[in-house]
Amino acid sequence: MSGSLVVDNIGELVTNGAGEGPLGIRRDAAVLVEEGRVVWVGPSAYAPAADRRLDAGGAAVLPGFVDSHAHLVFAGDRAAEFAARMAGEPYTGGGIRTTVGATRAASDDELRANVRRLRGEALRQGTTTMEIKSGYGLTVADEARSLRIAAETSTETTFLGAHVVPAEYADRPDDYVGLVCGPMLAAAAPHAKWIDVFCERGAFDVDHARAILACGQAVGLGVRLHANQLGPGPGVQLGVELGAASVDHCTHLSDADIDALAGAHTTTVATLLPGAEFSTRSPYPDARRLLDAGVTVALATDCNPGSSYTSSMPFCVALAVREMRMTPAEALWAATAGGARALRRDDIGVLTPGARADLVVLDAPSYLHLAYRPGVPLIRKVLLNGVPQ
């Protein structure tokens with residue numbers, strides 16, 4: 001859709017830039033969009049003329065959510081596993097192999113349809129940028145096709161061949177690491193922007209994780225890392241050492257982990273995934289401890305069929321406020337600008353001149369309602385690159 005668009009009569013505009021408080025709030029505001037970009041932000045009474053107008057009706061407007069951690073390329077579901085956890089069985093991560101079997105057996109069209117279904121679901125809930133990982137194929141061909149399919153929907157694609165060691169390599173983990181670093185990486189890299197490893201007991205130890213991530217860096221992929229979800233471990237400090245864009249989960253942190261994330265020269269974001277704790281009845285990360293130490297925090301859904309089958313960033317914002325001691329402002333920033341930092345992007349997660357025109361109009365007068373009214377569909381309108389969805 002060509003031409004300019006003005007969104008005006010905004011009661012509360014969250015810019016994550018200049019304005020009131022940490023969210024850069026502007027009252028009675030307007031936003032002018034041209035060619036998919038924000039070109040002007042200011043008082044509604046002084047909004048420039050435009051080809052088209054969207055009247056926000058006094059509602060709140062905020063940047064589109066940036067979901068920087070999601071696993072959308074899979075087949076099947078694990079509802080029975082969820083029911084077993086709710087009956088008292090612990091989460092170990094072992095169910096990943098169940099999804100691997102279903103994903104390998106699925107056709108490209110089946111996988112593509114599932115990705116599009118979940119991406120559309122997230123978009124309707126205000127998510128305008130969504131990272132998508134592979135990791136349920138775990139063969140050279142299946143990881144490559146997973147990333148090809150992911151790249152049809154997102155530019156933020158992540159090679160996660162090191163999700164778990166597949167059953168056929170259970171007694172030969174070193175051989176599997178060699179496969180990941182060699183033929184699998186070569187096939188996956190053309191379709192990926194990032195590389196990730198599940199550095200956890202039962203998955204990959206720190207030496208294997210370091211080797212895999214170094215191979216990814218050598219071919220130009222950025223580093224992300226699953227770390228410290230199931231218990232204390234070396235993953236967070238490895239991520240900081242390697243300059244990872246983010247370390248994700250961060251549920252079990254030592255003082256040394258916090259110090260590493262808060263270091264003066266650290267650019268690594270701690271991405272928290274409260275949907276996983278909700279679905280596994282595990283302890284939530286202590287976001288307050290991270291924020292008070294000066295760590296940059298992001299929120300993401302971890303959308304996957306086993307441990308966090310939600311695509312809702314508003315749900316994660318509500319969980320962060322209720323269960324992780326974040327203020328509503330901190331949680332919204334983490335779900336927008338924080339997610340952008342975790343993807344090393346400065347053109348999303350903000351509504352300032354030059355940013356991508358990804359806007360969410362709430363059916364509410366304030367962003368506070370995201371946590372205040374959990375579970376209520378508050379997303380009235382979504383603009384992606386300035387185009388109403």
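Owing to the predicted nature of the structure, the values given are computational and were not obtained by experimental measurement.
- No side-chain heavy atom of Val41 sits under 4.5 Å from any side-chain heavy atom of Thr352.
- Identified under the ring pair (Phe, Tyr, Trp, His ring centres under 6.0 Å) test for residues 368-389, with sequence neighbours left out: His369-Tyr372.
- Sorted by first and then second residue, the ring pair (Phe, Tyr, Trp, His ring centres under 6.0 Å) pairs with a member in residues 293-331 read Phe74-Tyr309, Phe278-Phe315; sequence neighbours excluded.
- The pair Glu81-Arg85 meets the salt-bridge criterion, since a charged nitrogen lies less than 4.0 angstrom from a carboxylate oxygen.
- With sequence neighbours left out, the side-chain contact (heavy atoms from CB on, under 4.5 Å) criterion links Asp363 to Arg380.
- Annotation: salt bridge (charged side-chain N to carboxylate O under 4.0 Å, His left out) contacts involving residues 189-199, sequence neighbours excluded, comprise Lys133-Asp196, Glu156-Lys193.
- Residue Cys303 comes nearest to Leu72 through the heavy atom pair SG-CD2, 3.8 Å, listed as atom of the first residue, atom of the second, then distance.
- Remark: the backbone N or O of His252 is paired with a side-chain donor or acceptor of Asn228 at under 3.5 angstrom.
- The list of salt bridge (charged side-chain N to carboxylate O under 4.0 Å, His left out) pairs with a residue in residues 247-260, not counting sequence neighbours, reads Asp255-Arg289.
- Heavy-atom contacts from other residues, nucleotides or ligands closer than 6.0 Å to CZ of Arg341 number 12 or fewer.
- In this structure a side-chain-to-backbone donor-acceptor pair under 3.5 Å is missing from Ser154 to Thr157.
- Smallest separation of non-hydrogen atoms from Val240 and Ala260: CG1-O, 3.7 Å.
- The ring pair (Phe, Tyr, Trp, His ring centres under 6.0 Å) analysis of residues 142-188, with sequence neighbours excluded, yields the pairs His71-His163, Tyr136-His163, Tyr169-Tyr176.
- Across Leu32 and Ser4, no two heavy atoms sit closer than the pair CD1-CB, 4.4 Å.
- Within the 3.5 Å criterion, the main-chain N or O of Gly306 finds a donor-acceptor partner in the side chain of Asn304.
- Under a cut-off of 6.0 angstrom, the local environment of CD in Gln389 is crowded, with over 12 non-hydrogen atoms contributed by other residues, nucleotides or ligands.
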Exercise for the section: Begin from the C-alpha positions of Val61 and Val31 and carry the test side chain to side chain contact (heavy atoms under 4.5 Å, CB included) through to its verdict. Expected result: CA-CA 10 Å; Val61 171; Val31 176; 5.6 Å; no
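- Side-chain atoms of Ser68 never come within 3.5 Å of backbone atoms of Leu343 as a donor-acceptor pair (strictly under, hydrogens ignored).
- Residues Arg344 and Thr267 have side chains that bring a donor and an acceptor to within less than 3.5 angstrom of each other.
- Apart from Met86 itself, the hydrophobic cluster it occupies contains Phe82, where clustering links Ile, Leu, Val, Met, Phe, Trp and Tyr at side-chain heavy-atom distances under 4.5 Å.
- Taking a 6.0 Å sphere around CG of Asp175, one finds it holds more than 12 heavy atoms contributed by other residues, nucleotides or ligands.
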Practice task
Report the C-alpha separation of Arg104 and Val100 in whole Å, then their side-chain angles, then the decisive distance to 0.1 Å, and conclude whether the side chain to side chain contact (heavy atoms under 4.5 Å, CB included) test is met.
Solution key: CA-CA 6 Å; Arg104 288 176 176 180; Val100 169; 3.5 Å; yes
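- Note on residues 197-209: pairs passing salt bridge (charged side-chain N to carboxylate O under 4.0 Å, His left out), not counting sequence neighbours, are Asp207-Arg210.
- Note on residues 14-27: pairs passing salt bridge (charged side-chain N to carboxylate O under 4.0 Å, His left out), not counting sequence neighbours, are Glu12-Arg27, Glu20-Arg27.
- Of the possible donor and acceptor atoms, none in the side chain of Arg356 sits under 3.5 Å from a partner among the backbone N and O of Gly349.
- Listed by first and then second residue, the side-chain hydrogen bond (donor to acceptor under 3.5 Å, both in side chains) pairs involving residues 215-225 are Arg224-Ser246 (not counting sequence neighbours).
- Under the 3.5 Å distance criterion, the side-chain polar atoms of Asp67 are left unmatched by any main-chain donor or acceptor of Met313.
- Proximity of Arg322 to Pro374: side-chain heavy atoms (C-beta onward) are nowhere separated by under 4.5 Å.
- Judged purely by atom type and a 3.5 angstrom limit, Arg53 has no side-chain atom pairing as donor or acceptor with the backbone of Ala49.
- Counted by atom type alone, His69 and His226 present one or more donor-acceptor pairs between their side chains at under 3.5 Å.
- A heavy-atom distance below 4.5 Å is not found between the side chains of Val39 and Pro353.
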Exercise for the section: In sequence, state the C-alpha distance, the side-chain angles, and the governing distance for Val115 and Glu152, and then conclude on side chain to side chain contact (heavy atoms under 4.5 Å, CB included). Expected result: CA-CA 9 Å; Val115 170; Glu152 294 171 5; over 6 Å; no
Handout entry: Thr336/Val350 under side chain to side chain contact (heavy atoms under 4.5 Å, CB included): CA gap, chis, key distance, verdict
Key = CA-CA 7 Å; Thr336 51; Val350 297; over 6 Å; no
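- Contact detail for Val269 and Val297: the closest heavy-atom pair is CG1-C, 4.1 Å.
- By the side chain to side chain donor-acceptor pair (under 3.5 Å) test, Thr103 pairs with no residue at all, sequence neighbours left out.
- Here the side chains of Val180 and Val197 are not in contact, with every heavy-atom distance at 4.5 Å or above.
- Closest non-hydrogen pair, Val66 versus Gly339, comes out as CG1-C, 3.5 Å.
- In this view, Asp171 satisfies the side-chain contact (heavy atoms from CB on, under 4.5 Å) rule with no residue, not counting sequence neighbours.
- Between Leu118 and Met130 there is no side-chain heavy-atom pair separated by less than 4.5 Å.
- Counting only heavy atoms from C-beta outward, the side chains of Pro63 and Val14 approach each other to under 4.5 Å.
- Between Ser311 and the options Arg117, Arg119, Glu121, a side chain to side chain donor-acceptor pair (under 3.5 Å) holds for only Glu121.
- Of the N and O atoms on the side chains of Thr99 and Arg78, at least one donor lies less than 3.5 Å from an acceptor on the other residue.
- Scanning all heavy atoms of the two residues, the minimum distance from Trp40 to Pro48 falls at CE3-CD, 3.5 Å.
- Judged purely by atom type and a 3.5 angstrom limit, Thr128 has no side-chain atom pairing as donor or acceptor with the backbone of Leu383.
- Under the 3.5 Å distance criterion, the side-chain polar atoms of Arg325 are left unmatched by any main-chain donor or acceptor of Arg288.
- The shortest distance between side-chain heavy atoms of Ser254 and Gln237 falls below 4.5 Å.
- With Ser134 contributing its side chain and Glu143 its backbone, the two residues share no donor-acceptor pair below 3.5 Å.
- Between Arg345 and Glu131 there is no salt bridge, since no side-chain N of the basic residue sits under 4.0 Å from a carboxylate O of the acidic one.
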